[in-house]
Amino acid sequence: MRPRFGATLFWAVLLTLALLPFSLSGCAPRENPPEEEPAEDAVLLGFSQLGWESAWRIGNSLDIQAAAERAGVQLMFDNAQQKQENQIKAIRSFIAYQVDVIAFAPIVEQGWDTVLQEAKDAGIPVLLTDRLIVTEDPSLYVGYVGADFLAEGRRAGEFLVEKADREGLTDLKIVELSGTPSSSPMQQRGEAFRECIAGDPRFEIVETMSGDFLRSKGKECMQEMLERHERIDVLFSHNDAMTLGAIEAIEEAGLRPGEDVIIITVDGEQAAIDFLQEGKINCVVECTPMLGDIIMDLAKKLAAGEEIPRVTNPEERAFTEFDEDLMDIPPRGY
Ligand code: GZL
Ligand code: ZN
């Protein structure tokens, strides 16, 4: 039986992470150094994580913490619990602490210029991870490491076109569960998916609702859309957490996920891959949370005053029902 990121482990991790902010938040200024003196040349990285809304996010946090250990980077990790103002507070405390590098996963695209200007004035380089920002001044951050969300949206759309081509499907009513409003994955996955099916009379997006990347909201929204529409043929969901909730709603409505409703989802959590192998999901677009090693490598380069690429995208792919090696997918680790 494949090692699963079981429910017990999930809650244990969640509890640990929930307690974490209280241990690390409100970082004291550097005058009071931590008990164990860091190795002289240890890079001090301040990381603001946006929250813990999905197994993807938890996997991302765990990977970053493990990677810091591996890299000998001293990590100050703050969890903003889904609030932008907590990320701004954390960034300010990293500036006060005079960290070498600041990295953060911006929960939304807007509203960062002021605090990033403060980091720039303090001479601290800022690395965006996992999500992008929109800013008047691109010099406010030195680079982005994370997914190409447009490519992810394209992979989702291309699968649907391939499925319709292979099976001669037409008149497909599509509903969409979108992610956190004005976050870059939500904007770009939705935009690229639409571009793929634009102008093709076989496809119609009949409704889009935001499930905010949350399982519970994904279920609620799917229940509502199932009541509102006499027929739903396709669900395009911006993340697996919402998809897992939506599958509950689909089954409670007496429909077969993967059969009556074609399901396309993004992230590649183990639970989604399991459903893909069981035929309840038709396509899982991978979005890897395992960014920790790349982040630590780039942070070390920045601390040493080296140049880094403006954009670093990890290798990603899609897993679909048409893959020959569907049963050989290695454990996902999140
Ligand atoms: C994508 C990441 C998204 C995941 C969701 O890189 O920002 O946030 O797709 C997570 O699961 O909530
Ligand atoms: Zn309808």
Side-chain angles (χ1 to χ4, degrees), residues 5 10 13-14 17 47-64 79-84 87 103-110 112 127-134 143-156 176-193 210-219 221 235-247 263-273 275 281 283-292 294-295 311-319 332-334:
F5 192 60
F10 177 86
V13 162
L14 201 62
L17 290 172
F47 187 89
S48 163
Q49 179 60 289
L50 65 86
W52 57 65
E53 70 286 356
S54 61
W56 187 99
R57 184 65 53 199
I58 290 169
N60 180 240
S61 295
L62 291 173
D63 185 62
I64 286 165
N79 190 306
Q81 304 168 54
Q82 314 320 122
K83 292 187 177 61
Q84 179 174 29
Q87 290 200 278
F104 75 112
I107 187 164
V108 292
E109 294 186 327
Q110 317 279 351
W112 303 100
L127 178 65
L128 299 187
T129 77
D130 169 41
R131 295 191 180 176
L132 288 149
I133 67 171
V134 170
Y144 163 71
V145 52
D148 176 347
F149 300 119
L150 293 171
E152 293 174 348
R154 258 194 309 280
R155 290 186 192 108
E176 179 185 29
L177 284 173
S178 61
T180 303
S182 77
S183 67
S184 47
M186 171 263 182
Q187 310 263 42
Q188 295 181 23
R189 287 171 181 164
E191 178 192 325
F193 177 78
S210 170
D212 204 13
F213 286 135
L214 294 167
R215 178 175 184 145
S216 53
K217 279 198 77 174
K219 179 172 184 176
C221 293
L235 165 62
F236 169 48
S237 169
H238 291 189
N239 88 326
D240 296 344
M242 295 189 293
T243 303
L244 298 179
I247 285 174
I263 297 184
I264 304 165
T265 185
V266 187
D267 272 351
E269 292 179 17
Q270 189 60 55
I273 295 295
F275 275 158
I281 288 179
C283 173
V284 180
V285 176
E286 179 183 32
C287 176
T288 180
M290 307 305 177
L291 302 173
I294 310 173
I295 291 169
V311 174
T312 306
N313 295 135
E315 282 294 307
E316 293 182 340
R317 58 165 289 188
F319 302 99
R332 299 293 298 161
Y334 63 102

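First listed ligand is number 1; within each ligand, the first listed atom is number 1. Numbering of residues begins at 1 and proceeds along the displayed sequence.
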For [X], enumerate each residue passing the side chain to side chain donor-acceptor pair (under 3.5 Å) test, keeping only those at least two apart in sequence or located in another chain.
X	answer
T129	none
Q188	none
R131	none

Between I281 and the options I264, I273, T243, the side chain to side chain contact (heavy atoms under 4.5 Å, CB included) test singles out T243
Neighbouring residues of ligand 1, heavy-atom cut-off under 4.0 Å: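 The 4.0 Å shell around ligand 1 contains E53, S54, W56, R57, D130, R131, F149, P185, R189, F213, N239, D267, C287.
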Assess the residue pair S61 and Q49 against the criterion (side chain to side chain donor-acceptor pair (under 3.5 Å)); give the C-alpha distance rounded to whole Å, side-chain angles, the decisive distance to 0.1 Å, and a yes or no. CA-CA 7 Å; S61 295; Q49 179 60 289; 3.0 Å; yes
Quick one: do R332 and E286 make a salt bridge, cutoff under 4.0 Å? yes
